[in-house]
Amino acid sequence: MNADPALFYKNMSEMIHKQIGSGYPSIAIVGCLHGDEIIGKKVITALSNIKLNKGSITFFIAHTEALKRKKRFITEDLNRVFPGKANGNLEEKIAFALTAELKKFDVVIDIHATNSDFKELAIIVKFGQREKELLKQIPISKVALIPKEVFGGKEMINFCKRGVSLEYGPDKTGNNAPRAIRHVKAILRSLGMYGAKSTITRKKELYEVKGSYSVSKNFIPNSKLKNFKKIKPGEFIGKIKNKKIFSEKTFIPLFLGKGRYKKTLALISEKKIINL
Ligand SMILES: [Zn+2]
């Protein structure tokens, strides 16, 4: 199908912020899939006037409406409804339009912020040759592999040729934007698109996400737990009213604390050191 996204999403021109350079590699940088994450807009604003040696970048502010209202989403989480629907709710329409657009790009970089207490994390949904090549260009050592099964496979980067989400913590104020800008510039440098060519980073800590640790609504997590630090069976993980709860398994938690997903303590992962 040769879908013209403009037919389905009337604010398409607002969404495509700008395009710079021409030809290949063609990169899409997507910000504000979540409207309460101003970081994406800051990164895009900072990069939209850089001079490229080769290739092109197209910048997308994904959810302009949620951004205006400073809300994560209007009807449902945009990053859980891909590939979207032509006649769906607002998020489904945006997802549908973005899916068609993003197919055109060699690489899609998706910028996020989290309230969870960690500095940065690269997220991939597949770990094939394409992703391995891309990871080498990214100057972030911690990588989470979140396969389809964990969130249902409806996150945007499942629908890109080669995509990565970059998460920055520990807040959503936009304070982390300089770090994200530095990282994206480093990616562009190692692709030979910008400035002097930089080195690649082969050694990574790969956190393979196996699912999430479910807890009830009134669960209060132990604030001493730390992302990336192994939790052992019997370890104190939180309270329900005055009852202490202890871990039933061994795992490495990701997205703990204020950045945790609803009704979970954290994502459950296993760590591997890899050399790409
Ligand atoms: Zn986000």
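Positions are given from 1, in the same order as the sequence printed here. Computed from a predicted model, the values in this text were never measured in an experiment.
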Quick one: side chains of residues 228-235, donor-acceptor pairs under 3.5 Å with protein atoms, not counting sequence neighbours, listed by atom name and distance.
| residue | atom | partner | partner atom | Å |
| --- | --- | --- | --- | --- |
| Glu235 | OE1 | Lys232 | N | 2.9 |

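Within the 4.5 Å cutoff, the side chain of Lys136 has no heavy atoms near those of the Ser190 side chain. Residues Leu47 and Lys185 have side chains in contact (heavy-atom distance under 4.5 Å, counting atoms from C-beta outward). Contact check for Ile124 versus Leu134: no side-chain heavy atoms found under the 4.5 Å cut-off. Between Leu121 and Ile140, every side-chain heavy-atom pair lies at or beyond the 4.5 Å cut-off. Residues Val43 and Tyr168 form no side-chain contact, since every pair of their non-hydrogen atoms from C-beta on lies 4.5 Å or further apart. When side chains are defined from C-beta on, Ile111 counts as touching Ile29, because their heavy atoms get closer than 4.5 Å. Phe219 has its side chain out of reach of Lys263: every pair of non-hydrogen atoms, C-beta onward, lies at least 4.5 Å apart. The closest side-chain heavy-atom distance from Phe127 to Val143 is not below 4.5 Å.
Ser269 places a side-chain N or O within 3.5 Å of a backbone atom of Ile252 that can act as its donor or acceptor partner. In this structure, Ser116 contributes its side chain and Arg260 its backbone to no donor-acceptor pair below 3.5 Å. Judged by distance alone, with hydrogens and angles left aside, the side-chain atoms of Thr58 form no donor-acceptor pair with the main-chain N or O of Ala28 at under 3.5 Å. Asn53 places a side-chain N or O within 3.5 Å of a backbone atom of Gly195 that can act as its donor or acceptor partner. Of the possible polar contacts, one joining the Glu92 side chain to the Asn89 backbone as a donor-acceptor pair under 3.5 Å is found. Checking side-chain atoms of Tyr213 against main-chain N and O of Glu248 turns up a donor-acceptor pair under 3.5 Å. Asn176 places a side-chain N or O within donor-acceptor distance of the main-chain N or O of Asp171, the cut-off being under 3.5 Å. The backbone N or O of Leu135 lies less than 3.5 Å from a partner atom in the side chain of Lys204, making a donor-acceptor pair. Side chain of Ser26 to backbone of Ser56: no donor-acceptor contact under 3.5 angstrom is found. Side chain of Glu131 to main chain of Gly128: a donor-acceptor pair is present (N/O by atom type, distance under 3.5 Å, no hydrogens or angles).
Residues Ile187 and Ile39 are members of one and the same hydrophobic cluster, defined by side-chain heavy-atom contacts under 4.5 angstrom among Ile, Leu, Val, Met, Phe, Trp and Tyr. Under the 4.5 Å side-chain contact rule for hydrophobic residues, Leu206 and Leu267 do not share a cluster. In the hydrophobic cluster analysis, where Ile, Leu, Val, Met, Phe, Trp and Tyr join through side-chain heavy atoms closer than 4.5 angstrom, Ile57 is grouped together with Val184. Both Phe60 and Phe82 are members of a single hydrophobic cluster when ILVMFWY side chains are connected at heavy-atom separations under 4.5 Å. A single hydrophobic cluster is not seen to contain both Ile16 and Ile61; linkage of ILVMFWY side chains at heavy-atom distances under 4.5 Å, directly or through other members, places them apart.
With rounding to the nearest 0.5 Å, the separation of OG1 in Thr264 from CG in Leu256 is 8.5 Å. Going from atom CG of Leu78 over to atom CG of Leu33 covers 5.0 Å, rounded to the nearest 0.5 Å. The distance from atom NZ of Lys271 to atom NZ of Lys142, rounded to the nearest 0.5 Å, is 6.5 Å. Taken from OG in Ser247 to CG in Leu265, the straight-line distance is 8.0 Å, to the nearest 0.5 Å. Taken to the nearest 0.5 Å, the NE2 atom of His183 stands 8.5 Å off from the CG atom of Leu166. Between His34 atom NE2 and Leu67 atom CG the span is 13.0 Å, to the nearest 0.5 Å.
For the pair Lys54 and Tyr24, the cation does not sit on the ring face, since its NZ or CZ is not both under 6.0 Å from the ring centre and inside 45° of the axis. A cation-pi arrangement is not found for Lys224 relative to Phe236, the charged atom failing to lie both closer than 6.0 Å to the ring centre and inside a 45° cone about the ring normal.
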| field | side chain to side chain contact (heavy atoms under 4.5 Å, CB included) between Arg80 and Glu155, worked out | value | CA-CA 5 Å; Arg80 296 287 182 273; Glu155 308 96 284; 3.5 Å; yes
| request: Apply the test side chain to side chain contact (heavy atoms under 4.5 Å, CB included) to residues Phe255 and Ser212: give CA-CA distance (whole Å), side-chain angles for both, the deciding distance (0.1 Å), then the verdict. | output: CA-CA 10 Å; Phe255 291 97; Ser212 46; over 6 Å; no
| request: Determine, step by step, whether Lys154 and Val81 satisfy the side chain to side chain contact (heavy atoms under 4.5 Å, CB included) criterion, reporting the C-alpha distance in whole Å, the side-chain angles of both residues, the deciding distance to 0.1 Å, and the verdict. | output: CA-CA 5 Å; Lys154 293 184 166 187; Val81 299; 5.7 Å; no
| request: Could you give me the CA-CA distance, side-chain angles and deciding distance for Glu101 and Met15, then say whether side chain to side chain contact (heavy atoms under 4.5 Å, CB included) is met? | output: CA-CA 11 Å; Glu101 277 296 313; Met15 186 197 309; over 6 Å; no
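More than 12 non-hydrogen atoms from other residues, nucleotides or ligands lie less than 6.0 angstrom from NZ of Lys132. Other residues, nucleotides and ligands contribute more than 12 heavy atoms inside 6.0 Å of the CG atom of Asn275. The local environment of NZ in Lys258 is sparse, with at most 12 non-hydrogen atoms from other residues, nucleotides or ligands closer than 6.0 Å. Around atom NZ of Lys172, more than 12 heavy atoms belonging to other residues, nucleotides or ligands sit under 6.0 Å away.
Residues Ala144 and Leu254 share a closest heavy-atom pair of CB-CD1, 3.9 Å. Across all non-hydrogen atoms, the minimal contact from Ser216 to Ile240 is OG-CD1, 3.4 Å. Across every non-hydrogen atom of Asp106 and Arg162, the tightest pair is O-CB, 3.3 Å. The two atoms that bring Ile138 and Thr201 nearest to each other are O-OG1, 2.9 Å, heavy atoms only. Among all heavy-atom pairs drawn from Glu167 and Phe118, the shortest one is O-CE1, 3.9 Å. The heavy-atom pair separating Lys42 from Ala177 by the smallest distance is CB-CB, 3.7 Å.
Residue His63 forms a side-chain hydrogen bond (donor to acceptor under 3.5 Å, both in side chains) with just one option from Lys71, Arg69, Glu91, Arg72, and that option is Glu91.
Between Glu65 and Lys68, at least one side-chain nitrogen of the basic residue sits less than 4.0 Å from a carboxylate oxygen of the acidic one, meeting the salt-bridge criterion. Salt-bridge formation is not detected for the pair Glu270/Lys272: no Lys NZ or Arg NE/NH1/NH2 atom is positioned less than 4.0 Å from an Asp or Glu carboxylate oxygen.
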